[in-house]
Amino acid sequence: MQNTKPKSNDLELLRNCELLRQLSEEQLERLLPQLKRVSYRSGQVIFLKNDTADGLYIVIGGRVKINALNSEGKELTVKICGIGEVFGEMALFDGSSRSMAAEAAGNLEAFLLKATVFESLLLEAPLVALNIIKMLTARLRHTDEQVEMLGLFDAYDRVALKLLQLTDTNRLTPQSTVTLSQQDLASMVGLSREWLNKVLQTLVHQGIVELGRSKIMVLNPGALKASLRCA
């Protein structure tokens, strides 16, 4: 981890954070000096499961993978957080250790919000607590969906469902690009790289997706949704 100097656009980055949207300009200006700006190299571990929790992180550049281990010791990527998203907040509420690990997916920059500062912020701005509740509820729903997907669906449906989630299919745009390596996608759906490649090649032959370097373009989200065998 490296500490980096504050930048002129740091305040704008705070405004775009899902956790802090209801804060006034004055509150954001007071909060900014209390944050530590940190950076990590691609693949660098930010924290491990059972590490002591010293604060939460706000992503301001790059992405981070949240990883868990299954009963067989295999790593599973539960979530990938992007700019404006928060991670590492769970352990702050009960004072326990980290429940999962976090790893930089590409070069990462983030604000570290220390636990003591976070507690003071909750007392000053109750709407932040409401935002946290909404975020945790969304993540619980996501976890439930992940458990259901891994336990009930076959390889094809796991990949199709995850691609639909990642491309925001509520809008079913004509084309959507998922910027993600095949290895990361395999980890998210609990498949080997070989199995994932077989499924993706099937989707390519059907004209539903197109593969690029560390990205997957969903050419026809509607056809992908219609192809689900679990629907």
Go through the steps to decide whether Val117 and Leu31 satisfy the test side chain to side chain contact (heavy atoms under 4.5 Å, CB included), and finish with yes or no.
CA-CA 8 Å; Val117 177; Leu31 177 63; 3.9 Å; yes
Start with the C-alpha distance between Val218 and Leu164, add both sets of side-chain angles, then the distance that settles side chain to side chain contact (heavy atoms under 4.5 Å, CB included), and finish with yes or no.
CA-CA 9 Å; Val218 180; Leu164 288 170; 5.9 Å; no
Here the salt bridge (Lys or Arg N to Asp or Glu O under 4.0 Å) pairs for residues 197-212, sequence neighbours left out, are none
Residue pair Arg30 / Leu32, side-chain heavy-atom distance below 4.5 Å:
no
Show the nearest heavy-atom pair for residues Arg158 and Gly190, with the distance to one decimal.
NH1-O, 3.2 Å
Rounded to the nearest 0.5 Å, the CD1 atom of Ile132 sits from the CE atom of Met90 at a distance of 9.5 Å
Quick one: does Gln206's side chain have a donor or acceptor within less than 3.5 Å of a partner on Leu203's backbone?
no
If you measure from CD1 on Ile58 to CG on Leu13, what distance do you get to the nearest 0.5 Å?
10.0 Å
Honestly curious: do Leu113 and Leu127 fall in one hydrophobic cluster under the side-chain, below-4.5 Å linking rule?
no
Leu112 side chain reached by Asp54 side chain, heavy atoms, under 4.5 Å:
yes
Who else is in the cluster with Ile133 when I, L, V, M, F, W and Y are joined by side-chain contacts under 4.5 Å?
none
Starting at OG1 of Thr179, measure out to CD1 of Ile216 and round the result to the nearest 0.5 Å.
9.5 Å
Mind telling me whether Tyr57 and Tyr40 have parallel, tilted or perpendicular rings, with 30° and 60° as the class edges?
perpendicular
Will you find, in the side chains of Asp184 and Ser187, an N or O donor that is under 3.5 Å from an N or O acceptor?
no
Please answer whether the main-chain N or O of Ser24 pairs with a side-chain N or O of Gln27 as donor and acceptor at a distance below 3.5 Å.
yes
Consider only side-chain N and O atoms of Glu18 and Asn131, and report whether a donor and an acceptor are under 3.5 Å apart.
no
Within a strict 4.5 Å, meaning less than it, do heavy atoms of the Glu29 and Leu11 side chains meet?
yes
Minimum side-chain heavy-atom gap Leu180-Met188 below 4.5 Å:
yes
Between Asp157 and Lys162, does at least one N-O distance fall below 4.0 Å, as a salt bridge requires?
no
Do the side chains of Val64 and Ile80 get nearer than 4.5 Å, heavy atoms only?
no
Consider only side-chain N and O atoms of Asn107 and Ser42, and report whether a donor and an acceptor are under 3.5 Å apart.
no
Note: Met100 and Phe47 closest approach over all heavy atoms is O-CE1, 3.3 Å
Closest heavy-atom pair, Gly82 versus Val59, reported as atoms and distance to 0.1 Å, is O-CB, 3.3 Å
Taking 4.0 angstrom as the limit, do Glu85 and Lys79 come out as a salt bridge?
yes
Does a side-chain N-to-carboxylate-O contact under 4.0 Å join Arg15 and Glu25?
yes
So which atom in Leu123 and which in Pro126 form the shortest heavy-atom distance, rounded to 0.1 Å?
O-CD, 4.4 Å
Tell me whether Ile66 shares a hydrophobic cluster with Leu48, the cluster being built from Ile, Leu, Val, Met, Phe, Trp, Tyr side chains joined at under 4.5 Å.
no
Side chain to side chain contact (heavy atoms under 4.5 Å, CB included) evaluation trace for Arg37 with Phe111
CA-CA 5 Å; Arg37 206 175 201 275; Phe111 287 131; 3.8 Å; yes
Nearest 0.5 Å, what's the NZ-CG distance between Lys49 and Asp51?
12.0 Å
Scanning both residues in full, the closest heavy-atom pair of Ser39 with Glu109 reads CB-CG, 4.1 Å
Taking Gly88's backbone N and O only, do any of them form a donor-acceptor pair with Arg98's side chain (distance below 3.5 Å, no angle check)?
yes
Could you walk me through whether Ile208 and Leu163 pass the side chain to side chain contact (heavy atoms under 4.5 Å, CB included) check?
CA-CA 11 Å; Ile208 294 176; Leu163 288 175; over 6 Å; no
Over all heavy atoms of both residues, which pair between Leu23 and Ala125 is shortest? Give the atoms and the distance, please.
CD2-CB, 3.5 Å
Backbone of Ala223 reached by a side-chain donor or acceptor of Asn220 within 3.5 Å:
yes
Are Leu130 and Leu122 connected, step by step, through hydrophobic side chains (Ile, Leu, Val, Met, Phe, Trp, Tyr) whose heavy atoms are closer than 4.5 Å?
no
Rounding to 0.5 Å, atoms OG (Ser181) and NZ (Lys215) come to a distance of 14.0 Å
Nearest-0.5 Å distance that lies between atom CD in Gln182 and atom CG in Leu196
5.5 Å
Cluster question for you: counting only ILVMFWY and a side-chain heavy-atom cut-off of under 4.5 Å, with indirect links fine, are Val189 and Leu211 together?
yes
